[in-house]
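Everything on this sheet refers to the single structure shown next.
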Amino acid sequence: MTTDTRSPAGAELTALILDLFRVSSRMVVAGDRLVADLGLTSARWQILGVLDQAQEPQTVSWIARDMGGSRQNVQRIVNDLEGEGLVNFLPNPRHRKAQLVALTDQGQALFDQAMRRQADWANTLTEDLTASDVATTRKVMASLLDQLERSER
């Protein structure tokens, strides 16, 4: 049997990590339900969101990096989105093989529709929270993400 040698902060972080796993799973399921009738899943919606936020075409590798996912999985989803006319591929002047992915007008319209739904949903989820509560949580999450990214280098 191993001895628990976590600091008080380490013990709280361990509990937070378990909570994050549960929240993440439930967010994906809830997101899937929210946009299912639009023909989206949380993963497809997230890719459209990365492209919307970037405001310029991105390579599949860049999208995967921003999402924290695998390039192969993102490529499969992007190919499906392209087949539905939601994104298109553009030549990449910096790299012959790594095409750029851009939202089409149809993809942008669908993303905007999903985000209108998300606004009401987010407002409902935060009814018992203050903006300051959420901002503090985001600050802690950003710090943890930064630490994780530094430890991967």
Side-chain angles (χ1 to χ4, degrees), residues 1-82 84 86-87 98 100-153:
M1 176 181 246
T2 60
T3 305
D4 187 345
T5 57
R6 289 179 190 87
S7 67
E12 285 298 321
L13 177 62
T14 300
L16 174 62
I17 289 167
L18 295 173
D19 291 343
L20 287 172
F21 288 152
R22 287 191 297 274
V23 168
S24 177
S25 293
R26 291 208 174 145
M27 283 288 183
V28 169
V29 169
D32 286 347
R33 279 193 209 120
L34 189 66
V35 295
D37 66 312
L38 299 177
L40 292 175
T41 62
S42 291
R44 292 161 59 98
W45 184 12
Q46 188 176 8
I47 288 171
L48 297 179
V50 168
L51 292 169
D52 176 76
Q53 278 199 323
Q55 297 184 340
E56 64 182 6
Q58 302 288 300
T59 66
V60 168
S61 293
W62 294 343
I63 296 168
R65 182 201 63 222
D66 288 348
M67 291 176 56
S70 76
R71 189 199 59 74
Q72 293 83 356
N73 192 42
V74 170
Q75 183 70 62
R76 182 186 56 76
I77 296 169
V78 166
N79 289 345
D80 291 345
L81 293 170
E82 193 266 341
E84 295 173 27
L86 302 176
V87 301
L100 295 172
V101 181
L103 280 173
T104 62
D105 290 343
Q106 180 183 352
Q108 184 68 61
L110 187 62
F111 176 76
D112 292 344
Q113 186 177 1
M115 292 309 292
R116 284 191 293 276
R117 290 181 184 190
Q118 189 275 346
D120 291 337
W121 180 64
N123 291 341
T124 300
L125 284 177
T126 57
E127 284 176 351
D128 296 333
L129 300 171
T130 66
S132 178
D133 291 336
V134 177
T136 298
T137 303
R138 288 188 68 215
K139 182 178 175 186
V140 170
M141 297 300 296
S143 177
L144 290 171
L145 181 59
D146 182 58
Q147 184 67 17
L148 286 167
E149 288 174 347
R150 276 190 272 136
S151 70
E152 289 173 1
R153 290 184 210 129

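These numbers were taken from a predicted model, which means no experiment stands behind them. When reading the values below, keep in mind they use all heavy atoms of this one structure, side chains included, and skip hydrogens, waters and symmetry mates. Counting begins at 1 with the first residue of the sequence.
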Whether the side chain of T104 engages the backbone of L86 through a donor-acceptor N/O pair (distance < 3.5 Å, no angle test) should be reported. yes
If you draw a 6.0 Å radius around CZ in R26, do more than 12 non-hydrogen atoms from other residues or ligands fall strictly inside? no
Please check: side-chain N/O of T126 versus main-chain N/O of L129, any donor-acceptor pairing under 3.5 Å? no
Side-chain (S151) to main-chain (L148) donor-acceptor, under 3.5 angstrom: yes
Mark yes or no for whether R44, through its side chain, and L81, through its backbone, hold a donor-acceptor pair below 3.5 Å. no
Measuring from atom CG of L145 to atom CZ of R138, what distance do you get when rounded to the nearest 0.5 angstrom? 11.5 Å
Tell me whether T14 contacts the main-chain N or O of G10 through its side chain, where contact means a donor paired with an acceptor under 3.5 Å. yes
Can you tell if the side chain of E82 reaches within under 4.5 Å of the side chain of V101, non-hydrogen atoms only? no
How many angstroms lie between CE in M141 and CG in L16, if you round to the nearest 0.5 Å? 6.5 Å
Quick check against the 3.5 Å criterion: does N123 have a side-chain atom that pairs as donor or acceptor with the backbone of A119? yes
Using atom types as modelled, flag every donor-acceptor pair under 3.5 Å from a side chain in residues 45-58 to any protein atom, sequence neighbours excluded.
| from | atom 1 | to | atom 2 | distance (Å) |
| --- | --- | --- | --- | --- |
| D52 | OD1 | Q108 | NE2 | 2.8 |
| Q58 | NE2 | E56 | O | 3.2 |

So, the side chain of S143 versus the backbone of K139: is there a donor-acceptor pair under 3.5 Å, distance only? no
With a 3.5 Å cut-off and no angle check, do the side chains of T41 and D32 form a donor-acceptor pair? no
Can you tell me if CD on E84 sees more than 12 non-hydrogen neighbours from other groups inside 6.0 Å? yes
Regarding T130 and D133, do their side chains bring together a donor and an acceptor under 3.5 Å, going by distance alone? yes
Supply the atom-to-atom distance L13 CG to D19 CG, rounded to the nearest 0.5 angstrom. 10.5 Å
Are N79 and R76 close enough that a side-chain donor and a side-chain acceptor fall under 3.5 Å? no
More than 12 heavy atoms of other residues, nucleotides or ligands under 6.0 Å from CZ of R117: is that the case? yes
State, to 0.1 Å, how close S61 and R71 come at their nearest heavy-atom pair, and which atoms those are. OG-CD, 3.3 Å
What pair of heavy atoms forms the shortest contact from A98 to T59, and how long is it? O-CG2, 4.0 Å
Kindly determine whether F111 and L38 satisfy side chain to side chain contact (heavy atoms under 4.5 Å, CB included), including the steps that lead there. CA-CA 9 Å; F111 176 76; L38 299 177; over 6 Å; no
Dump the intermediate steps for side chain to side chain contact (heavy atoms under 4.5 Å, CB included) on Q113 and L40, then the final yes or no. CA-CA 11 Å; Q113 186 177 1; L40 292 175; over 6 Å; no
Would R116 and D112 count as a salt bridge (Lys or Arg N to Asp or Glu O under 4.0 Å) if you check the C-alpha gap in whole Å, the side-chain angles of each, and the deciding distance to 0.1 Å? CA-CA 6 Å; R116 284 191 293 276; D112 292 344; 5.3 Å; no
